[in-house]
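Have a look at the structure below before the remarks.
Below, all heavy atoms of this structure are taken into account, side chains as well, without hydrogens, waters or symmetry copies. Naming: A, B, ... by sequence-line order, numbering from 1 per chain.
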Amino acid sequence: MPSTPAVPASDVDVAAPTAMGGAGGRIALRERGTSFAALVIPPLLVFLVVIGAWILVSQVILAESKRFLLPPPWAVVNVAFLDGHNRAELFTSLWLTTKAAMVGLFLSIVIGMGTAIAMSQAKWVERSLYPYAVVLQTIPVLALVPLVGFTLGYNFSSRVFVVVLIALFPVITNTLFGLLSVDQGHHDLFSLHKGGRITRLVKLQLPAAMPAIFTGLRIAAGASVIGAVVGDFFFQQGTPGIGTLMNTYASELESERLYAAVILSSSLGIAVFLAVTWLERRVVGRWHTATRGTR
Amino acid sequence: MTQTITASPSTQAPPGLTFDAVAMRFPDGTQAVEEASFSVAPGEFVSIVGPSGCGKSTLLKITAGLIDATGGHVGIGPGNLGYVFQDATLLPWRTVRGNVELLGELEGMPKAQRRKAAQEAIDLVGLGGFESKYPKSLSGGMKMRASLARALTLQPSTFLFDEPFGALDEITRERLNDELLALFEREGFAGLFITHSIAEAVFLSTRVLVMSARPGRIVGDFEVPFAYPRKPELRFEPAFAELSGRVSECLRGAFA
Ligand SMILES: Nc1ncnc2c1ncn2[C@@H]1O[C@H](COP(=O)(O)OP(=O)(O)O)[C@@H](O)[C@H]1O
Ligand SMILES: [Mg+2]
């Protein structure tokens, strides 16, 4: 191939270079233009409203005698977070619950993606496994408690099992959806140049599925926290998780610590969500424009 | 260069493309192509114009082996086959360079060689400087250039184009026509080009075929006498208008 351009490089579509610079500039601007203030102030306002409502209910609406149902925020801080013993108890459990959620999430991703890949490779695998993936989703954990507890023990492993039970389905469905919704034109391109099964999977289907996989991951991440708390609740042997503590505090009417536990588990959910969002931006942010509509 | 897509294992096929009574009936009963017989020699650039849905894309897919014809035979000469789709079909997660290197990668070209081939192709289509851009930040015309560059890396001796510039604005399309023409003169491949623009067909081709509405048949065959290199001004010459008029008239008949 001759290396001299058939066309001078300046011959790029009239509008192209400027449009490029313009668009690129605008995108960059918008991303940076969403200033820290614009990012932080709206949720902060909502937070203040929620705290305000909390104080209102606790101090004005609830009678003195019923205030134990919803103690004011400062009481929660005082009792749960400023007291060394209570704080240690809460954070030790939170850490254990976090571990259960993360181990379960990791297993869900490995098993879920593996299953989805197998399903995408052969229709019969999809047909035979998919119904059970759906069933998995509908089994009430409650019904499995004796079986699982007896098999895995009423402790950490069983909690992880509950996480997997809840987080697996969104990983499978979203991965499968992503793998199967590859553009026909791209498939034709690979067929044309003898792209085999593995090549197609690695160079085409998996990258194309990444945005969908992350959608599933975000759902699964939230579900993993719920699963871990529910798991704590059902399988209470060994060191208590945050769900175990919630159960205890609720039955002992330790409202301050109960709300502290709720706040901590929610924070865990938010942290996991943010971590996945950050990872998503790292992996697909450069090429994928999330279709969020123009607002 | 590895020989990639060869037509019949017999390798007796003459250079270029030979269509011999090709017919396509889809399993659902749609008769997309009724009968197509023509050939495209190296150094020939043949355009097909025809009503939408008359089987033009089907014909190219048969040629490329993406689907099997239900009748007739397509002979493809030795050498690589290039195929430019209607959409640029760039992989959005790869940069321009990554996309242009894809075919070499799939065909097992050594890394250094495909890097070199990609750079040459990128320069050739005027995308130098945009190597590390992602498709989402390219204009429609630039995406098409990248797509063209990708096909060029295999130095095809036969080139199929399926309405590659159909989605572009008039100015960009004419510009890309000029450049494609320059490429054709330089590389001398056998070109088969689908379009719904008569001006584009006449401007680019050595020969224009008109296909009838479904089931598709070749109903018109026009030699284009203008010598290469063709200047952009050719589009405004009376002879050009006269030939375009005759193709247009035939095409109107094809709708009936
Ligand atoms: N896989 C298919 N199954 C059934 N009908 C098809 C299939 N692909 C294309 N067709 C039909 O065949 C006809 C020709 O299609 P195509 O070759 O894409 O037309 P065009 O000339 O616009 O490129 C159309 O009517 C289309 O609906
Ligand atoms: Mg078409």
Side-chain angles (χ1 to χ4, degrees), chain A residues 1-28 31 178 182-200 202-211 213-214 283-291, chain B residues 4-5 61 64-66 81 83 85-95 102-108 117 119-121 123-130 133-142 144-145 150 152-155 168-169 171-172 175-176 178-183 185-187:
Chain A
M1 190 179 298
S3 54
T4 32
V7 209
S10 65
D11 209 359
V12 177
D13 326 347
V14 216
T18 39
M20 267 286 310
R26 235 179 299 122
I27 289 163
E31 273 165 7
V182 173
D183 189 58
Q184 183 57 42
H186 288 154
H187 272 306
D188 284 349
L189 184 68
F190 274 65
S191 305
L192 210 52
H193 297 280
K194 304 181 302 196
R197 229 163 224 275
I198 301 288
T199 310
R200 207 178 279 257
V202 173
K203 297 201 169 178
L204 180 59
Q205 289 179 291
L206 278 173
M210 271 306 156
I213 291 174
F214 271 104
V283 176
V284 301
R286 260 173 308 162
W287 61 269
H288 183 66
T289 354
T291 42
Chain B
T4 51
I5 301 165
K61 284 184 184 152
L66 291 174
L81 185 71
Y83 196 150
F85 299 89
Q86 182 158 2
D87 304 318
T89 59
L90 300 175
L91 303 179
W93 54 89
R94 286 181 176 232
T95 59
L102 177 71
L103 302 193
E105 219 173 295
L106 293 178
E107 302 279 358
Q119 191 59 55
E120 279 172 4
D123 291 337
L124 202 62
V125 300
L127 273 184
F130 293 97
K133 296 281 180 198
Y134 284 89
K136 75 168 180 181
S137 60
L138 300 182
S139 71
M142 293 166 88
M144 226 49 240
R145 283 167 201 273
R150 181 178 64 193
L152 282 170
T153 54
L154 297 182
Q155 293 185 301
L168 303 180
D169 63 87
I171 299 171
T172 310
R175 201 170 273 266
L176 283 167
D178 295 340
E179 294 170 17
L180 180 58
L181 212 51
L183 273 175
E185 284 160 34
R186 187 182 288 269
E187 313 279 326

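Atom CZ of B:F85 sits about 10.0 Å away from atom CG of A:D183, to the nearest 0.5 Å. The distance from atom CG of A:L192 to atom CG of B:L81, rounded to the nearest 0.5 Å, is 6.5 Å.
Applying the ring-ring contact (aromatic ring centres under 6.0 Å, His included) test to B:Y134 and every residue at least two apart in sequence or in another chain returns nothing. With sequence neighbours left out, B:R94 forms a salt bridge (Lys or Arg N to Asp or Glu O under 4.0 Å) with B:E105.
Side-chain contact between A:V284 and B:W93 is absent, with no heavy-atom pair separated by less than 4.5 Å.
For a residue to count as touching a neighbouring chain, one of its non-hydrogen atoms must lie under 4.5 Å from one of that chain's; by this rule B:L66 touches chain A with the side chain only. In this structure, chain A has a heavy atom under 4.5 Å from the side chain of B:L102, while its backbone stays farther away.
For the pair B:L106 and A:H193, the tightest heavy-atom approach, listed with the atom from each and the gap, is CB-O, 3.7 Å. Heavy atoms only, all atoms of each residue included: B:K136 and A:G285 are closest at NZ-O, 3.6 Å. The two residues B:K61 and A:D188 come nearest to each other via the heavy atoms CE-OD2, 4.1 Å. The two residues B:L91 and A:K203 make their nearest non-hydrogen contact at CD1-O, 4.2 Å.
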